[in-house]
Enquirer: 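Just dropping this structure here.
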Amino acid sequence: MLRAMTDRDFLWLAEFFFVASGAVTWLRWRIREAAGSLHRANYLAMLTGFLLQTAFLYLRGLAVGRCPLTNAFETTAFVAWGATLFYLLIGPTYRVSFLGAFTAPVVLGINAIALFFLNDTPHLALKHSPWVDFHAAIGILAAGGFALAAVVAGMYLRQERQLKSHRPARTFFLLPAIEHLEVISARLVTVGFLLLTVGMLGGVIAHHKVGPWTPGKTAWSVAVWLAFGGMLAARRAGRLRGRRWARLVIALFVWMLVTFWLVGLAPEPLQP
Amino acid sequence: MNLLVIGLNHRTAPVEVRERLAIARSRLGDASRELRETTGLQEAAVLSTCNRVEVYGLTADADAASRAARQFLAVPPHHLYELRDRECVQHLWEVVCGLDSMVLGETEILGQVKDAYAAAHAAGATGPVLNRLFQKAFAAAKHIRTTTAIARGATSVGNVAVDLAEKIFRDLAPCTVMVVGTGEISETTAKALRRRGVGGILVCSRSPDRAREFAAQMGGQAISYNDWPEHFPLVDIVITATGAPHPIVTADKLRPLLTHRRRPLFLIDISVPRNVEAACGDLEDVFLYDIDDLQQIAQNNLAAREREIANCRRLLADRLARFEQWFTQRYPA
């Protein structure tokens, strides 16, 4: 049966597990009974979804003969994979309760956009080079870090709103302290920014190896780098924190994703 | 064979009666052994807390054991309740789960029952039935606490403030609390924060002696009442409880102090009239709670705990049935 499955089927199957993760969270929310085992079930569903995403990327990589970042569909699915990877690493490390509940819908949504709306025709115009793969993969992994930072920022805003409203709901007890959430989102943005920087350096090397700049993507990459770098600099200077930080993290991630798709839609020679 | 509990609690007896009957923790083992030797109970354990005194036993003659236990307790009969077999087991399990406590869902009772059982066991007063009864009770309590919301959310003003602080700050250890004005609620709130690990406490009061005394109790530092605005930028949590007839902390005063802060500010205003202008709560990264907010949250938490009682009883029912089955197999009717 597995042999009959296409690579896209694996992504659909991954979506099923992200829905299951959401359902487990809902159950945990509703009945509270056996919360510990449901928490494990939630994490296992996310892990299974991640493995299926990995299977999709592996099969697609074999099919296109390079890192599967040849069109907007693959790239978007790669961003979702990166966000899931960061969740699997960050969740147990920081013991962030309920992070899975916020991550699953975001990953589900990003993959759904890819599956339903984005062009899935492999675009192999660029010459193949390991440096191109390195540049693209690291850059997209950075986007995964930004995605999870946005998820954590969403948790911050939810918790902050409950604190401000003086009416704590049940999620109040499940979510961590706002200060903790802010620190985690800042660290994720920092990791994402460092990865983006490394990816861009890889892009410079790729340019020397295989040739021409793609001006649209280059300008977009520099804009994203400046935006996140500027945000980190403002935070370091003490000018950006709390609610404004959280809102900006989410806004920048959404802006980055939307503009990336727009750049991808642009006519040659802007797209790779 | 019958299981039996006879006792009194905060609902059946006033504190004057309970304090007369209370047994010191160090005497619980002797009391259990004495109870077993003098009442004909085959197994016995005495539980004594500030809110209840109860004797648990296993007997072949429940009526005779009941009379003897009532003599042992020596209080007017209308203060006492008596439960047997299934009701006895259910009662103990609800006690350890905090369902029968004055503060619903409180967790201190579990430790008190564990101490009472350990003392009775060490004194040789318990046997296989009470050992199993208490061990199963502790396991049930753990299960109930981890899988229901019976112990979730504080039900006192001081602990609500601590809960909120823990949802604002990542770690309370580096936090400094400033208490402006001393009073009973500010004292309990500061103590609750101290117990949860806040690093420093600054106390200022119009009465320097009172400030010093309060600070000494808390392991904090007294500062002059007029100097509190100077210390304001250094603190993370402020408890205001002065008798001032107007706000002493206003948004206009606070705004410039926030420009260089890198952490949230938690303002707990427990004074009436309020000492902190309501507009301060609209400032970014400032979380302002007055006494009504805290009391409302405490009441909501208590109501939420009350809604959990049925859920707890449902979860206990299965375990109760299993214990009953074990008991009936051991002692067929």
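Labels below follow one simple rule: chain letters A, B, ... track the order of the sequence lines, proteins then strands, and each chain is numbered from 1. It should be emphasised that the depicted structure is a prediction, and the values quoted were computed from it without experimental measurement.
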Enquirer: Quick one: are the ring centres of A/Tyr156 and A/Trp245 less than 6.0 Å apart?
Expert: no
Enquirer: Would you tell me whether B/Thr176 and B/Asp236 have side-chain atoms, one donor and one acceptor, within less than 3.5 Å of each other?
Expert: no
Enquirer: What part of B/Asp282 gets closer than 4.5 Å to chain A, counting heavy atoms only: side chain, backbone, both or neither?
Expert: backbone
Enquirer: Are B/Glu187 and B/Lys191 within salt-bridge range, i.e. N to O under 4.0 Å?
Expert: yes
Enquirer: Is the shortest distance from a Lys or Arg side-chain nitrogen in B/Arg86 or B/Glu324 to a carboxylate oxygen in the other one below 4.0 Å?
Expert: yes
Enquirer: Could you look at B/Ile297 and say if it's the side chain, the backbone, both or neither that has a heavy atom under 4.5 Å from chain A?
Expert: side chain
Enquirer: Assess the side chains of B/Gln295 and B/Gln299: does a donor N or O sit below 3.5 Å from an acceptor N or O?
Expert: no
Enquirer: With a 4.0 Å cut-off on N to O distance, would you call B/Arg313 and B/Glu94 a salt bridge?
Expert: yes
Enquirer: Chain B heavy atoms under 4.5 Å from A/Gln162: which part of the residue, side chain, backbone, both or neither?
Expert: backbone
Enquirer: Within 45° of the six-membered ring axis of B/Trp93 and under 6.0 Å from that ring's centre, is NZ or CZ of B/Arg319 located there?
Expert: no
Enquirer: Taking B/Arg261 first and then B/Asp285, would you say they form a salt bridge - that is, a charged N and a carboxylate O separated by under 4.0 Å?
Expert: no
Enquirer: Go through the atoms of B/Ile144 and report whether side chain, backbone, both or neither lie under 4.5 Å from a heavy atom of chain A.
Expert: neither
Enquirer: Heavy-atom pairs under 4.5 Å with chain B are the metric here; pick the option from A/Arg243, A/His166, A/Arg167 that has the most.
Expert: A/His166
Enquirer: Return the OG1 to CZ distance between A/Thr75 and A/Phe78, rounded to the nearest 0.5 Å.
Expert: 9.0 Å
Enquirer: Which residues in residues 262-271 of chain B have any heavy atom closer than 4.5 Å to a heavy atom of chain A?
Expert: B/Arg262, B/Arg263, B/Pro264
Enquirer: Where does A/Arg239 contact chain B at under 4.5 Å (heavy atoms): side chain, backbone, both or neither?
Expert: neither
Enquirer: Where does B/Leu288 contact chain A at under 4.5 Å (heavy atoms): side chain, backbone, both or neither?
Expert: backbone
